[in-house]
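Structure, as structure tokens:
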Amino acid sequence: MAASFKWVLQLHRDVPRASRFYSQGLDFTVNVCTLRWAELESGPLKLALMQASSDHAVEKGYSSLLSFTVSDINKTVTKLMALGAELDGPIKYEIHGKVAAMRCLDGHMLLY
């Protein structure tokens with residue numbers, strides 16, 4: 001099964017302000033908006049906004065992250081590491097499933 005694109009995630013200091021920027025400035029539809037999390041969409045694009053835990057995260061280039069749903073996270077992580085990606089911390093076992101954060105060759109963040 002091929003990976004299916006889920007959403008783009010951006011970290012922000014002020015999520016409601018960022019949500020207004022996209023909804024009012026670019027006509028994104030706001031599905032959910034809290035102080036810490038927002039989900040917006042524009043056509044097939046889904047954009048998630050999350051409050052950065054610190055200014056350090058925003059300054060260090062953790063801005064846009066690509067998120068994918070995969071059928072086998074361990075196999076996917078192994079395959080991507082063989083291609084040069086690196087885990088950015090351990091695989092986490094969240095209530096909604098396993099989550100792995102990886103950096104691809106150019107340092108962009110990918111979540112599974």
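If you're wondering where the values come from, they're calculated on a predicted model, not measured in any experiment.
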Per-pair distances, 0.1 Å, donor-acceptor, side chain in residues 36-50, under 3.5 Å, sequence neighbours excluded:
| from | atom 1 | to | atom 2 | distance (Å) |
| --- | --- | --- | --- | --- |
| W37 | NE1 | E39 | OE2 | 2.9 |
| E41 | OE2 | N31 | ND2 | 2.7 |

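To the nearest 0.5 Å, the span separating CE on M102 from CD1 on I91 amounts to 8.0 Å. The OH atom of Y22 lies 12.0 Å from the CZ atom of R17; values are rounded to the nearest 0.5 Å. A distance of 13.0 Å separates CG in N74 from NZ in K79, rounded to the nearest 0.5 Å. Distance check, rounded to the nearest 0.5 Å: NZ of K98 to CD1 of I73 gives 7.0 Å.
With sequence neighbours excluded, the residues that form a side chain to side chain contact (heavy atoms under 4.5 Å, CB included) with Q24 are R20.
Between D14 and Q51, the closest side-chain pair of non-hydrogen atoms is not below 4.5 Å. Side-chain contact between L9 and W7 is present, with at least one heavy-atom pair separated by less than 4.5 Å.
Residues L11 and L35 do not share a hydrophobic cluster, defined by chaining ILVMFWY side chains whose heavy atoms lie under 4.5 Å apart.
No donor-acceptor distance shorter than 3.5 angstrom exists from the side chain of S19 to the backbone of V15, with no hydrogens or angles considered.
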